[in-house]
Amino acid sequence: MTLFASGNQDAEINPRKLLAINMNGAAIGTDTNVTMEPLKETEASQNPSDTMTKTASTNGVANGIVPMEKVADQVNGVEEGEGQEQVMTSENYYFDSYAHFGIHEEMLKDEVRTGTYYKAILSNRHLFKDKVVLDVGCGTGILCMFAADAGAKLVIGVDMSNIIDQARNILKENNFGPDRIVLLKGKMEEVKLPVEHVDIIISEWMGYFLLYESMLDTVIYARDRYLADGGLMFPDNAAIYLAGIEDHDYREEKFSFWNDVYGYKFQTIKNIARKEPLVDRVESNAVVTQQHPVLTIDLYKCKLEDLDFKSRFVLRAIRDDYMHAFIGYFVTRFTECHGPPVQIHTSPYHPTTHWKQTVFYLEDTVVVQKGEKIEGNISVKRNPKNKRDLEIDIDYSFTGERSDSQDKLHFKMY
């Protein structure tokens, strides 16, 4: 049974690689009866000091707005340093990776990602008209332009990466002046916004497995500091799901290689490889269990401590087969939108996104029959030395007609 699609044949990097390249990005679910079908339900970024000199009222929401001439130095000041040598520290590496256009090209070409934000914003002009909008981690400024075209009075984009310098040029190319879109370079927690409050926060903060290298902690900070009473979050809800898959061939290729490397044993590397989840595309016909939600996040209420979580899961087999790995994926929802649900799905049952799925390989091969259950717990914690990295523990037990298995697995997404 084939698990992975071939992907982009023109890519220089084999997509079947260990997770090693940095990418940009609650109540615990207990539903054990969710079937592995496309989701239909509607369950469903950065910051600082007072700089206000004038207050204006926008549709009932008060915003302290600094006259644009007062903001000019902050908006354009970073350009004074162009051409000057910058000293990079370890803290800058994450942000520096987003200075390269290749990452942004991949994200912009992700039609599910970018197209969903386009629909959520431009199809809800009544929500954005005359509002002040904050884009946390604005990148190239695409979401800023969406919001401006949707009728926002002022859009503020914040980003630490040097890509923001190119975003300024993009705005000029498309005739967006600082009276409509203001870009600020720096950490959300350190920059000074030209307003006291914003009406809407938009952000594409999600990472692999939703939380790996995500900007959610920054979005939470921006929400607590700047979002006005009654303000909106885009998106406002997200959930992580687990399922089981069959993947004998690739698991053997991935791990058996280290048993004999030109006649030498590489067990040391094999042990390390087992602890690194794989990010790749999983074919829907490889899925052998129902899905189970292990985390649900309400962006209006979640706190930093909610991002470290432990959840119990029950996965019921949907056919007789073998199970070689767990997979994780997420759904992000824009529940404030009117009309049909607006959601980003990253499950194998939906069009592929650049987030793909995250694969956690088992040591054993579990032989399952339809209706049998794999039960366990998953614990996810952010690395205290780098909050964008994850430590993931999965312990499970299975007793079936044809096999028994239990194990405690530890994974690192670094």
Side-chain angles (χ1 to χ4, degrees), residues 24-25 38-45 58-61 63 104 106-158 167 170-171 173-176 180-183 197-206 210 215-216 219 222-223 226-228 230-239 296-300 329-347 349-355:
N24 171 96
L39 300 177
K40 298 179 181 179
E41 73 280 10
T42 54
E43 318 166 350
S45 277
T58 306
N59 289 347
V61 179
N63 300 281
H104 295 278
E106 179 183 32
M107 293 189 292
L108 290 169
K109 286 181 176 179
D110 184 339
E111 295 182 3
V112 174
R113 167 198 180 269
T114 309
T116 301
Y117 276 90
Y118 180 90
K119 179 180 179 181
I121 297 172
L122 273 299
S123 295
N124 290 274
R125 296 173 184 269
H126 61 288
L127 299 178
F128 284 81
K129 182 175 174 55
D130 297 327
K131 298 296 173 55
V132 176
V133 179
L134 172 62
D135 181 359
V136 181
C138 63
T140 58
I142 186 70
L143 302 188
C144 292
M145 292 187 285
F146 288 170
D149 279 338
K153 178 173 65 174
L154 177 66
V155 183
I156 304 163
V158 178
I170 293 171
L171 296 185
E173 285 184 78
N174 291 278
N175 300 314
F176 290 102
R180 299 186 64 192
I181 301 177
V182 174
L183 298 184
H197 297 293
V198 299
D199 302 296
I200 302 174
I201 292 178
I202 57 176
S203 181
E204 194 277 84
W205 53 266
M206 300 82 74
L210 187 66
M215 298 189 301
L216 184 51
V219 173
R223 177 202 67 192
Y226 284 110
L227 189 63
L232 304 180
M233 302 288 292
F234 272 62
D236 63 302
N237 183 280
T296 300
I297 299 174
D298 181 341
L299 271 293
Y300 290 110
Y329 47 88
F330 65 87
V331 178
T332 305
R333 304 178 178 91
F334 300 78
T335 69
E336 299 291 352
C337 296
H338 288 219
V342 179
Q343 308 172 349
I344 295 175
H345 292 273
T346 66
S347 88
Y349 289 91
H350 291 82
T352 302
T353 69
H354 76 281
W355 290 288

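In this text, all values refer to a predicted model and were calculated from it rather than measured experimentally. Numbering starts at 1 and runs along the sequence shown. These values consider heavy atoms only, across backbone and side chains, with no hydrogens, waters or symmetry-generated copies.
- In terms of the side chain to side chain donor-acceptor pair (under 3.5 Å) criterion, Thr353 has no residue partners (sequence neighbours excluded).
- The minimum heavy-atom distance between His104 and Gly139, with the atom names listed, is CE1-CA, 3.9 Å.
- Applying the ring-ring contact (aromatic ring centres under 6.0 Å, His included) test to Tyr300 and every residue at least two apart in sequence or in another chain returns nothing.
- Not counting sequence neighbours, the partners of Asp110 by the side chain to side chain donor-acceptor pair (under 3.5 Å) test are His354.
- Counting all heavy atoms, side chain and backbone alike, Met145 lies closest to Ile170 at CE-CG2, 3.8 Å.
- Listed for the Glu204 side chain is a donor-acceptor partner under 3.5 Å among the backbone atoms of Met206.
- In this structure, Asp149 and Arg125 approach most closely via the heavy-atom pair O-NH1, 2.7 Å.
- In this structure, Trp355 contributes its side chain and Phe330 its backbone to no donor-acceptor pair below 3.5 Å.
- For the pair Asn124 (side chain) and Cys337 (backbone), a donor-acceptor distance under 3.5 Å is absent.
- At least one donor-acceptor pair closer than 3.5 Å links the side chain of Asp199 to the backbone N or O of Val132.
- Across Leu134, Val133, Asp135, a single residue satisfies side-chain contact (heavy atoms from CB on, under 4.5 Å) together with Ile200, and that is Val133.
- Using a 4.5 Å cut-off on side-chain heavy atoms (C-beta onward), Thr116 and Thr332 make no contact.
- Side-chain rings of Phe146 and Phe234 stay apart, their centers remaining 6.0 Å or farther from each other.
- A donor-acceptor pair under 3.5 Å is formed between the side chain of Thr114 and the backbone N or O of Met107.
- For Arg223, the side chain to side chain contact (heavy atoms under 4.5 Å, CB included) criterion is met by Ile201, Ile220, Leu227, Met233, Cys302, not counting sequence neighbours.
- When all heavy atoms are compared, the tightest approach of Tyr117 to Ser203 is OH-O, 2.8 Å.
- Heavy atoms only, all atoms of each residue included: Ala120 and Phe128 are closest at O-CE1, 4.4 Å.
- Sorted pairs that involve residues 338-347 and meet salt bridge (Lys or Arg N to Asp or Glu O under 4.0 Å), not counting sequence neighbours, are lacking altogether.
- Distance check: Thr140 OG1 to Leu171 CG gives 9.0 Å after rounding to the nearest 0.5 Å.
- Considering every non-hydrogen atom in both Val112 and His345, the closest pair reads CG1-O, 4.4 Å.
- Residues satisfying the side chain to side chain donor-acceptor pair (under 3.5 Å) test with Arg180, not counting sequence neighbours, are none.
- Once rounded to the nearest 0.5 Å, the distance linking CG of Leu127 with CG of Leu232 reads 6.0 Å.
- With hydrogens and angles ignored, the 3.5 Å screen pairs no side-chain donor or acceptor of Tyr118 with any backbone N or O of Ser123.
- Put simply, the side chain of Leu183 reaches to within 4.5 Å of the side chain of Cys144, judged on heavy atoms.
- Using a 4.5 Å cut-off on side-chain heavy atoms (C-beta onward), Leu216 and Leu299 make contact.
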